[in-house]
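One structure is given below, encoded as structure tokens.
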Amino acid sequence: MHRQPDTDLLYRHPELYEVVYDGDNHAVPRLAETIFTERLGRQPASLLDIGCGTGRDLEYLAKHIPDVAGVDHQQVMIDYARQRRGQIDFHVGDMRTLRLHRTFEAITCFGYALANVHANRDIDKAVATFAAHSAPGTLLILEVIDPLRTDKLPRSFTIDIPDLRADAIAEYRQHHAQQLLERRRTWRRAQGLVHDHVTFRLLYPKELEYYLDNHHFDILGAHELREKHNAASAFVVARYRDNTAPEEPP
Ligand SMILES: C[S@@+](CC[C@H](N)C(=O)[O-])C[C@H]1O[C@@H](n2cnc3c(N)ncnc32)[C@H](O)[C@@H]1O
């Protein structure tokens with residue numbers, strides 16, 4: 001897995017993350033609430049958000065979910081999340097190895113966090129982590145890049161706050177054989193240019209189904225959002241099945 005937090009302006013400055021991704025009026029957590037209502041008939045009693053970043057979505061969801069926890073592998077993100085959202089339980093952890101030794105009624109992984117995991121064996125470990133925190137019936141919502149809609153990924157970005165005005169144009173380059181998508185962004189500020197670079201792993205639907213099924217998740221459906229920064233997203237919803245029941249003969 002390539003980790004490039006040092007090259008990402010927003011990861012070095014978590015406070016800017018929420019300026020650039022303004023959240024479109026909490027479109028993602030609002031969609032999650034709708035999915036929970038549809039699938040559970042209510043909000044879950046507990047939720048784990050993996051790759052939670054600044055914890056903004058968790059703060060929104062915590063209004064109706066009493067027991068929430070967030071995990072991110074970047075200390076700088078978790079420090080910021082704790083400082084801004086001290087009432088929430090945040091942990092530094094890698095989605096490939098995290099073990100909190102408890103289960104949740106729902107698990108979310110938003111903002112293409114899983115796409116930062118590139119190798120097949122690491123994706124498998126990440127899905128094993130989702131399973132390790134699930135009980136039969138746990139709902140999983142994964143926001144992934146729809147590989148058939150990469151043309152909908154955002155191309156332009158703006159920061160406009162009193163201390164900083166900056167615009168960025170993103171260029172994407174797809175490496176089809178490796179199923180990797182590189183994004184290079186150049187930020188123009190009065191003080192000069194800043195570059196950032198990130199690589200996403202693309203997962204095709206049948207591959208994702210395979211990883212999930214291997215770890216006892218059944219896909220229930222997928223949702224889309226039209227908002228600017230999520231127009232290329234598929235929100236895949238899966239349920240952890242009861243794997244203690246005897247298997248049906250093939
Ligand atoms: C684009 S941000 C999304 C943050 C948040 N979920 C949101 O939607 O606003 C992706 C996050 O995934 C985290 N991440 C990437 N790889 C990770 C890993 N292996 N384990 C845990 N977090 C990871 C990054 O640190 C980053 O905060």
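All ligand and atom numbering here is 1-based and tracks the order in the structure. The residues of the chain are indexed from 1 along the displayed sequence.
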- Query: At a non-hydrogen distance cut-off of under 4.0 Å, which region of D57 contacts ligand 1 (side chain, backbone, both, or neither)?
  - Reply: side chain

- Query: Which one holds for N116 and ligand 1: side chain close, backbone close, both close, or neither close, with close meaning a heavy atom under 4.0 Å?
  - Reply: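 Just the side chain.
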
Identity of the nearest option to [atom], non-hydrogen atoms only, from [options]:
atom: atom 4 (C) of ligand 1; options: G111, A126, P14, G51; answer: G51
atom: atom 7 (C) of ligand 1; options: F200, Y112, Y21, Y17; answer: Y17
atom: atom 17 (C) of ligand 1; options: H118, Q75, H73; answer: H73

- Looking at Y210, does the NZ or CZ of K206 lie under 6.0 angstrom from its six-membered ring centre and within 45 degrees of the ring axis? no

- Message: Does R102 qualify as a cation-pi partner of F104, given the criterion of NZ or CZ under 6.0 Å from the six-membered ring centre and within 45 degrees of its axis?
- Response: yes

Any donor-acceptor pair under 3.5 Å linking the side chain of [X] with the backbone of [Y]?
X: Y240; Y: F130; result: no
X: R149; Y: A231; result: yes
X: E105; Y: A45; result: yes
X: H215; Y: Y211; result: no

Test your reading of the structure: does [X] have an N or O sitting under 3.5 Å from an N or O of ligand 1?
X: E143; answer: no
X: F110; answer: yes
X: R96; answer: no
X: R56; answer: no

Atoms of ligand 1 less than 4.0 Å from [X] heavy atoms?
X: G53; value: 4 (C), 27 (O)
X: A113; value: 12 (O)
X: M95; value: 17 (C), 18 (C), 19 (N), 20 (N), 21 (C), 23 (C)
X: G93; value: 20 (N), 21 (C)

- Looking just at side-chain N and O atoms, do R239 and T138 make a donor-acceptor pair shorter than 3.5 Å?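 Their side chains do not contain a donor-acceptor pair, so the 3.5 Å distance test is not met.
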
- Over 60° means perpendicular and under 30° means parallel, so classify the ring planes of F157 and W187, tilted if in between. tilted

- Task: Answer whether the closest heavy-atom distance between the side chains of H195 and R185 falls below 4.5 Å.
- Result: no

